[in-house]
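Remarks on the structure that follows.
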Amino acid sequence: MPKYNLSRKKTAPRGKHLATQTKILVFDVDGVLVDVRGTYWRSALETVRQLTGKRVTYAELHQWKSKPGFNDDWSMVSAWVSSLGRPTTYEEARAAFEKFYWGTDGKPGNVRNEKIIVTPKHIERWARRYELNLFTGRTRQEFSFTFERWPATKHFRSVITMNDAKRKPDPEGLHKILDGRDPATALYLGDNIDDALAARDARVPFMAIIARGEHRYRQRAERFRELGALALLPRATDLGEWLE
């Protein structure tokens, strides 16, 4: 895999090479296209607090999210709660989490806080030059709730959810999108360590979405670099600086 400058600023030859090579763009959803602080993150904290009776923090959540295998919030919650002295299965964690996420007994869930942070115009602009795809850790139901009425959804050739492939960091979702095509012609944008691991194992070039000021920025940035991230972007919309 070719080496690129990992800062936001690019050099012309390297940026030109990437723009020429890339034909397929693959996006993660949470933290890339959608702000999930008030949805998944909040639901995770509320679930852990309910199951343990302990007041856990966002700082602790980020420590767990930075570990491999915890792009799946239900796996993370199960391990987190169990570590606090209350053994909890994956299914128990999922059931408790979904009450906060979807709502229960007439109370609206955190899913109502969902906010898409990339405009349809950005998607349309990329779609004119590249094939667009999604590889997300969401279920098909979670994806559809937010995206089925979003006008830009029609521009994505394929949408791989956790119902369609093995959970990240397994690269099966990327393999399905590529369908035998050269991995070097694709570029995957994600914000989680499992995204980077899936890209590495699929031999797909990867860029990390991580803004300065985020919790444990230095440690996370260094880990992304170790896994071969071509760039660290504060926002997905900054991708244009690399592809134009």
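These figures come from a predicted structure and were not determined experimentally.
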Checklist line | Intermediate values then yes/no, side chain to side chain contact (heavy atoms under 4.5 Å, CB included), Q63 and F70 | finding: CA-CA 10 Å; Q63 289 177 347; F70 292 145; over 6 Å; no
Margin query: Contact between V56 and L84 at the side-chain level, heavy atoms closer than 4.5 Å - yes or no?
Written below: yes
Next item on the list: Identify the two heavy atoms, one from S78 and one from A93, that lie closest to each other, and give their separation to 0.1 Å.
Entry: N-CB, 3.7 Å
Check: Would you say T146 and V29 make side-chain contact, with heavy atoms under 4.5 Å?
Finding: no
Note to self: Please determine whether residues V34 and L134 belong to a single hydrophobic cluster, defined as Ile, Leu, Val, Met, Phe, Trp and Tyr linked transitively by side-chain heavy-atom distances below 4.5 Å.
What the structure shows: yes
Check: Among Y130, F147, W126, which residue meets the ring-ring contact (aromatic ring centres under 6.0 Å, His included) test with F27?
Finding: W126
Check: Say you draw a straight line from CG of N113 to OG1 of T39; how long is it, rounded to the nearest 0.5 Å?
Finding: 7.0 Å
Next item on the list: Give the minimum heavy-atom separation between A196 and F224, together with the two atoms involved.
Entry: CB-CD2, 4.0 Å
Check: Should we count CZ of R112 as having more than 12 external heavy atoms under 6.0 Å?
Finding: no
Item checked: Side chain to side chain, T139 and N163, heavy atoms closer than 4.5 Å -> yes
Item checked: From NZ (K23) to CG (D182), nearest 0.5 Å -> 11.0 Å
Note to self: Within the 4.5 Å heavy-atom criterion, are L227 and F206 side-chain neighbours or not?
What the structure shows: no
Next item on the list: Give a yes-or-no answer on whether the side chains of S158 and N133 include a donor-acceptor pair shorter than 3.5 Å.
Entry: yes
Note to self: So, taking the atom named CG in D201 and the one named CD in E172, what distance separates them when rounded to the nearest 0.5 Å?
What the structure shows: 13.0 Å
Margin query: Can you confirm whether V26 sits close enough to V204 that some side-chain heavy atom of one is under 4.5 Å from a side-chain heavy atom of the other?
Written below: no
Check: So, for S66 and R216, which heavy atoms are closest and what is the spacing to 0.1 Å?
Finding: OG-NE, 4.3 Å
Item checked: Same apolar cluster: F100 and L45, side chain cutoff 4.5 Å -> no
Next item on the list: Report whether V77 and L61 are members of the same hydrophobic cluster (ILVMFWY, side-chain heavy atoms less than 4.5 Å apart, transitive linking).
Entry: yes
Checklist line | Atom NZ of K67: over 12 foreign heavy atoms under 6.0 Å | finding: yes
Checklist line | No-hydrogen, no-angle side-chain donor-acceptor test under 3.5 Å, T47 and Q50 | finding: no
Next item on the list: Decide if atom CZ of R37 counts as having more than 12 heavy atoms of other residues, nucleotides or ligands within a radius under 6.0 Å.
Entry: no
Note to self: Do P234 and I210 have side chains that approach each other closer than 4.5 Å (heavy atoms only, starting at C-beta)?
What the structure shows: no
Checklist line | Lys/Arg-Asp/Glu bridge criterion (N-O < 4.0 Å) met for E124, K121 | finding: no
Item checked: Full working for side chain to side chain contact (heavy atoms under 4.5 Å, CB included) between N192 and K65 -> CA-CA 8 Å; N192 188 275; K65 291 294 285 183; 4.0 Å; yes
Next item on the list: Output the distance between atom CG (D191) and atom CG (L232), rounded to the nearest 0.5 Å.
Entry: 12.5 Å
Notebook entry, point to check: With a 4.5 Å heavy-atom cut-off, do E60 and V48 have their side chains touching?
Noted result: no
Next item on the list: Please report the closest heavy-atom contact between S43 and N110, naming both atoms and the distance.
Entry: OG-ND2, 2.9 Å
Note to self: I need the minimum non-hydrogen distance between P120 and A152, along with the two atoms involved.
What the structure shows: CA-CB, 3.8 Å
Next item on the list: Could you check W150 against I123 for side chain to side chain contact (heavy atoms under 4.5 Å, CB included), going step by step and ending with a plain yes or no?
Entry: CA-CA 11 Å; W150 193 46; I123 301 298; 3.6 Å; yes
Check: Say you draw a straight line from OG1 of T119 to CZ of R125; how long is it, rounded to the nearest 0.5 Å?
Finding: 7.0 Å
Note to self: For W74, run the side chain to side chain contact (heavy atoms under 4.5 Å, CB included) check against E91, R167, E98 and tell me which one passes.
What the structure shows: E98
Note to self: Over 60° means perpendicular and under 30° means parallel, so tell me whether H62 and Y58 are parallel, tilted or perpendicular.
What the structure shows: tilted
Check: When you measure from the side chain of T237 to the backbone N and O of R235, does any donor-acceptor pair fall under 3.5 Å?
Finding: no
Item checked: Interatomic distance, S82 atom OG to Y90 atom OH [nearest 0.5 angstrom] -> 13.5 Å
Item checked: Check: Q141 and T161 side chains under 4.5 Å, non-hydrogen atoms -> no
Check: Mind checking whether Y101 and F97 have parallel, tilted or perpendicular rings, split at 30° and 60°?
Finding: parallel
Notebook entry, point to check: Does E131 pair with R181 as a salt bridge, N-O distance under 4.0 Å?
Noted result: yes
Checklist line | side chain to side chain contact (heavy atoms under 4.5 Å, CB included) assessment of L230 paired with L187 | finding: CA-CA 10 Å; L230 304 185; L187 178 65; 4.3 Å; yes
Check: What class does the angle between the rings of W64 and W80 fall in, given that below 30° is parallel, 30 to 60° is tilted and above 60° is perpendicular?
Finding: parallel
Checklist line | Passing option when R138 is tested against D28, D73, D30 for side chain to side chain donor-acceptor pair (under 3.5 Å) | finding: D30
Note to self: Looking at every non-hydrogen atom in both residues, tell me the closest pair between N71 and G137 and how far apart they are.
What the structure shows: ND2-CA, 3.9 Å
Check: Where the side chain of K115 meets the backbone of G38, is there a donor-acceptor pair that is under 3.5 Å apart?
Finding: no
